[in-house]
Amino acid sequence: MKIATFNINGVKARIQALTDWLAAAGADVVVLQEIKSVDEGFPREHFEDLGWTVETHGQKGFNGVAILSRLPLEDVARGLPGDEADEQARYIEATVIDSIPVRIAGLYLPNGNPAPGPKYDYKLAWMERLRLRGAELLASEMPVVMLGDFNIIPEPRDAARPQAWVDDALFLPESRAAFRRILHQGWTDAVRIRDPWATRGPFTFWDYQAGAWSRDDGIRIDHLLLSPQAADLLIETGIDKEARAGEKPSDHVPVWVRLAA
DNA sequence: ATGGTAGGTTACCTA
């Protein structure tokens, strides 16, 4: 089972780029972030006609997440538990039915800038809710993949120019500590273990501004965290970097794992 | 130190 995450930065603006990548990538399950669409506005039929099951959790203008799957989905849940007043659409879960069922948690973690401030407080509170949900998912002892745009640069080597991020909510010590608190529950950072001694990169995001792509001024903020039962099934990990060089690209590229499930 | 780009929305906001 090949499982991918892709922050597409607007599903309607990216419909061709996304369709082309889906045809080439051979993924079974794709979680999307920043669909920037309400559920009724998502081009559901376009993807259903191509053979995908579509589950969305959208909102007007910003944010919004979705799951596209070639395999059956069960027990779809929308929204991160822990705050009934939170109206931002950033989280969706489903169980993918294959030889071994896999629980998928797709997320778009708050950016948090500017920090300090209310947006940063929201980011940290959201991460604490994610930690609590993460503990429940691990307790299920299912294979679980928690994946998406975490808006976290875990370490200096995850940025081409770490010094440019020292005051940014993606890289502040408190943000990175909150990420480690989740990771150290027992998750495996699938991309990092592929090349544990790398001193620079790999990256998953290059800003549109200031020629970041042409200068390879990237950061790694899109992550796939595997529960122990999922890590035991891990075959392969990849970053589809060439997507950043295509027509009308997202500023993020797809990141994926292949599991023996 | 600044400004650079992109998408969605409705005159700015988010990233």
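Here is how names work: the chains are called A, B, and so on, in the same order as the sequence lines, proteins then strands, and each is numbered from 1. Only this structure's heavy atoms are used, side chains among them; waters, hydrogens and symmetry mates stay out.
Taking the charged nitrogens against the carboxylate oxygens, A:Asp39 and A:Arg44 have no contact shorter than 4.0 Å, which rules out a salt bridge. For the pair A:Asp251 and A:Arg244, the salt-bridge criterion is not met [side-chain N within less than 4.0 Å of a carboxylate O].
Side-chain contact between A:Ile67 and A:Val30 is absent, with no heavy atoms from C-beta onward closer than 4.5 Å.
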Exercise. When you look at A:Val257 and A:Lys2, which way does the side-chain contact (heavy atoms from CB on, under 4.5 Å) test go after all the steps?
Worked result: CA-CA 6 Å; A:Val257 293; A:Lys2 184 172 179 178; over 6 Å; no
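Of the P atoms belonging to B:dT10 and B:dT14, the separation is 13 Å, rounded to the nearest Å. Between B:dT5 and B:dT9, the distance separating the two P atoms is 22 Å to the nearest Å. Atom C1' of B:dC12 sits at a distance of 24 Å from the matching atom of B:dA1, rounded to the whole Å.
Looking at which nucleotide of DNA chain B each of A:Lys36 and A:Asn111 is closest to, the 5′-most match is held by A:Lys36. Closest-nucleotide positions on DNA chain B for A:Gly10 and A:Gly112 were compared, and the one nearer the 5' end corresponds to A:Gly10.
Cluster partners of A:Phe62, using a side-chain heavy-atom cutoff of under 4.5 Å among ILVMFWY residues and allowing indirect links: none.
Remark: DNA chain B forms stems of 3 or more consecutive Watson-Crick or G-U wobble pairs, all pair distances under 3.5 Å, at B:5-8 with B:12-15.
The side-chain contact (heavy atoms from CB on, under 4.5 Å) test with A:Ile221 is passed by exactly one of A:Asn7, A:Asp149, A:Asn111: A:Asp149.
Note on A:Arg215: nothing from the nucleic acid sits closer than 4.0 angstrom, heavy atoms only. Heavy atoms of A:Tyr108 sit under 4.0 angstrom from primed sugar atoms or phosphate atoms, though from no base atom.
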